[in-house]
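All remarks here apply to the structure that follows.
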Amino acid sequence: MSYTEFVYQDDDGYYIALCPAFPGCIGSGLSESEAITDLELAREDYIQSLIEDGLSVPEPFSDEMEYSVGTY
């Protein structure tokens, strides 16, 4: 499955990666690729926790949805 991800650079120069399908699941790093890798690891843990708790894993959002990422 492919999930929508957003990456932005914060005021301190770190890159932050978010995935709207998994609220609170974030990755960070000194480069975009580090942030995305960190997010992927966090998402794997998130999904594993959902499975262990007997909860369903969110489906990817429709490509038709619009997202807005502000400055944090």
Side-chain angles (χ1 to χ4, degrees):
M1 284 191 265
S2 179
Y3 292 94
T4 301
E5 297 174 346
F6 296 101
V7 179
Y8 68 93
Q9 192 171 22
D10 70 10
D11 292 338
D12 295 325
Y14 286 92
Y15 288 87
I16 309 299
L18 307 166
C19 183
F22 302 95
C25 190
I26 8 183
S28 64
L30 295 175
S31 68
E32 283 188 48
S33 62
E34 279 184 23
I36 291 170
T37 299
D38 195 41
L39 174 62
E40 289 170 354
L41 293 171
R43 186 171 48 222
E44 288 174 14
D45 289 343
Y46 192 108
I47 290 171
Q48 186 62 36
S49 293
L50 290 173
I51 292 169
E52 288 173 4
D53 292 342
L55 302 172
S56 61
V57 176
E59 293 291 324
F61 292 136
S62 166
D63 290 338
E64 298 172 6
M65 293 183 72
E66 292 185 24
Y67 303 98
S68 175
V69 176
T71 305
Y72 298 92

- Message: Contact between Ser56 and Leu50 at the side-chain level, heavy atoms closer than 4.5 Å - yes or no?
- Response: no

Output for pair (Gln9 CD, Leu30 CG), nearest 0.5 Å, gives 10.0 Å

Minimal heavy-atom distance between Tyr3 and Glu59, with the atoms involved, is CE2-C, 3.8 Å

- prompt: When you measure from the side chain of Tyr8 to the backbone N and O of Leu18, does any donor-acceptor pair fall under 3.5 Å?
  reply: no

Heavy-atom closest pair (Thr4 atom, Cys19 atom, distance to 0.1 Å) is O-SG, 3.5 Å

Notebook entry, point to check: When clusters are formed by joining ILVMFWY residues with side-chain heavy atoms under 4.5 Å apart, either directly or through shared neighbours, do Ile36 and Ile26 land in the same one?
Noted result: no

Smallest heavy-atom separation, Pro58 atom then Ala21 atom, equals CG-O, 3.4 Å

Applying side-chain contact (heavy atoms from CB on, under 4.5 Å) to Asp12 and not counting sequence neighbours gives Asp10, Tyr14

Please check if Ile51 and Leu55 belong to a single hydrophobic cluster, counting links between Ile, Leu, Val, Met, Phe, Trp and Tyr side chain heavy atoms closer than 4.5 Å. yes

Heavy-atom nearest pair, Phe6 first then Pro20, reads CE1-CG, 3.5 Å

For residues 19-36, the side-chain hydrogen bond (donor to acceptor under 3.5 Å, both in side chains) pairs (sequence neighbours left out) are Ser31-Ser33

Quiz prompt | Within one Ile-Leu-Val-Met-Phe-Trp-Tyr cluster: Val57 and Tyr46, side-chain cutoff 4.5 Å | solution = yes

Across all chains, not counting sequence neighbours, the side chain to side chain donor-acceptor pair (under 3.5 Å) partners of Glu44 are none

Side chain to side chain, Ile47 and Phe22, heavy atoms closer than 4.5 Å: yes

Shortest non-hydrogen pair, Ala17 vs Ala35, comes out as CB-O, 3.6 Å

